[in-house]
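Computation of the quantities below employed the complete heavy-atom set of this structure, encompassing side-chain atoms and omitting hydrogens, waters and symmetry-equivalent molecules.
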2 protein chains.
Amino acid sequence: MTALPNRDRRAERREATRREILDAAWVIARRDGINAVTLREVGELVGMRAPSLYSHFASKNAIYDAMFAESWREVQRTFDEREVWPAAPREALLAQAEVWFDFATADLARHQLMNQRALPDFEPSAEAYAESVANYERLSTSMHEMGVRKQADLDLWTALLAGAVNQQLANDLYGKRWRRQLPRLVDMFCDEVGIPGPPLRRTK
Amino acid sequence: MTALPNRDRRAERREATRREILDAAWVIARRDGINAVTLREVGELVGMRAPSLYSHFASKNAIYDAMFAESWREVQRTFDEREVWPAAPREALLAQAEVWFDFATADLARHQLMNQRALPDFEPSAEAYAESVANYERLSTSMHEMGVRKQADLDLWTALLAGAVNQQLANDLYGKRWRRQLPRLVDMFCDEVGIPGPPLRRTK
DNA sequence: GTCTATATTCTGATAGAC
DNA sequence: GTCTATCAGAATATAGAC
């Protein structure tokens, strides 16, 4: 009985190539927009001809699908990586808002893929979409623990965050005009839904 | 001295054709997305071959440019058409918010053209962009009259509106989940920036 | 002002040799 | 798994006849 090696070098290599392909797609997306990714250029960046990509992804949309899924996993990871959150509820909410805001505004192409329907012929697969749902559930649970239990209150919170992100990306791509509003938005939200605690300092 | 006719029938006809072309482009955009407009299909809908469109528009982007400009003119017109606005400031703000919200959510393709960068190779001309600036100035003036004078306060207001619109379009396209939040958002805003008046009824 | 014909270029995807 | 060759089709835009 010969023991198999406990590392599958072939699978590792294969996974590394998929990684390279996705990285190349991200480079193009960040440079020219999420729409501008073409198989030819992805291939060029990884040193392959376009048809060879089909050995690793079933289609172009399969590449987008993997990008979509990994973006949402990255959100989760970004939240999980931070071990300490403020104890005071308003400070905690602000910290969460800032993490989400910074993530969303750090990469316009990613944001368009995740949150806007920028790709006419792309719809995430069920598996990829599940990553996004998982993130919403993390948010929902976290808010529930803070006492936000009504759907309408959660909707209010997502609207406040989406609005700040959206305005920042649309009107002040490299600035901080709407990021500065986050403490204010958190206070307004907390006052509205009855989360106690001393108000955060505000930017008036 | 022969009098010229006081109607230029040729110019009228020409303008009517431009109008038909734009209408056809809107039909396609609403059906398949703003990206999906092609000159072939626009031509088909107006009973022309694609190259003939070049007699009326210099390029495909010139069509998008006209669509962008007329969208913003339509916003202006929608606000101008309404003669009576509530006297109470909070009611007035709510009415304005609803008008904007309803306009923005009525047509996803139009919203993507106006407010998101859904078309990689399109940038509005200076003339078209001026229509959007004019709208912001109308908003700014109107808010100023209500006592909202700080840029940060105006930014707050645009973030609240953008957030509600964005969430509605992204997560509840045919519903009213975020439209119902408008009275609440108005009250929160007024409390925050010091606009007096009795609170609106809220949806909690 | 509309047409035909065409240039030019690009796209995602497949077949089959190696 | 990667290649070459190619398909099949789409796109915007231009030239020039009528």
- Message: Using whole Å, what does the distance between atom C1' of nucleotide C:dG12 and atom CG of A:D121 come to?
- Response: 11 Å
- Provide, to the nearest angstrom, the distance between the CD1 atom belonging to A:I21 and the P atom belonging to C:dG12. 14 Å
- Query: Which part of the nucleic acid, if any, lies within contact of B:S52, taking any heavy atom under 4.0 Å across all strands shown: a base, the sugar-phosphate backbone alone, or nothing?
  - Reply: base
- Item | Under 3.5 Å: donor-acceptor pair, side chain of A:D172, backbone of A:R177 | yes
- Message: Categorize A:V37 for me: base, sugar-phosphate, or nothing, with a 4.0 angstrom heavy-atom threshold over every strand shown.
- Response: sugar-phosphate
- B:S132 side chain to B:A128 main-chain N or O, any donor-acceptor pair under 3.5 Å? no
- Under the ring pair (Phe, Tyr, Trp, His ring centres under 6.0 Å) test, which residues partner A:F101, sequence neighbours left out? none
- Query: Nearest heavy-atom pair of A:A36 and A:I28: which atoms, and what distance?
  - Reply: O-CG2, 3.7 Å
Enumerate all atom pairs, one protein N or O and one N or O from nucleotides 13-15 of chain C, separated by less than 3.5 Å.
residue, atom, partner, partner atom, Å
C:dA13, OP2, A:Y54, OH, 2.7
C:dA13, OP2, A:K60, N, 3.0
C:dA13, O5', A:Y54, OH, 3.0

- Query: Starting at CG of A:D32 and ending at C1' of C:dC10, how long is that distance when rounded to a whole Å?
  - Reply: 15 Å
- Among B:R138, B:E145, B:M143, find the one that has a side chain to side chain contact (heavy atoms under 4.5 Å, CB included) with B:T141. B:E145
- Under 4.0 Å between any heavy atoms, over every strand shown, what does A:S55 touch: base, sugar-phosphate, or nothing? Just pick one. base
- Message: Against the six-membered ring of B:W85, is B:R82 placed for a cation-pi contact (under 6.0 Å from the centre, within 45° of the normal)?
- Response: yes
- Report the distance from atom CG of B:L113 to atom CZ of B:F68, rounding to the nearest 0.5 Å. 6.5 Å
- Item | Geometric cation-pi criterion A:R110 and A:F103, 6.0 Å radius, 45° cone | yes
- From the 5' end of DNA chain D to its 3' end, which nucleotides mark the outer limits of contact with chain A, defined by a 4.0 Å heavy-atom distance cut-off (strictly under)? D:dG1 to D:dA5
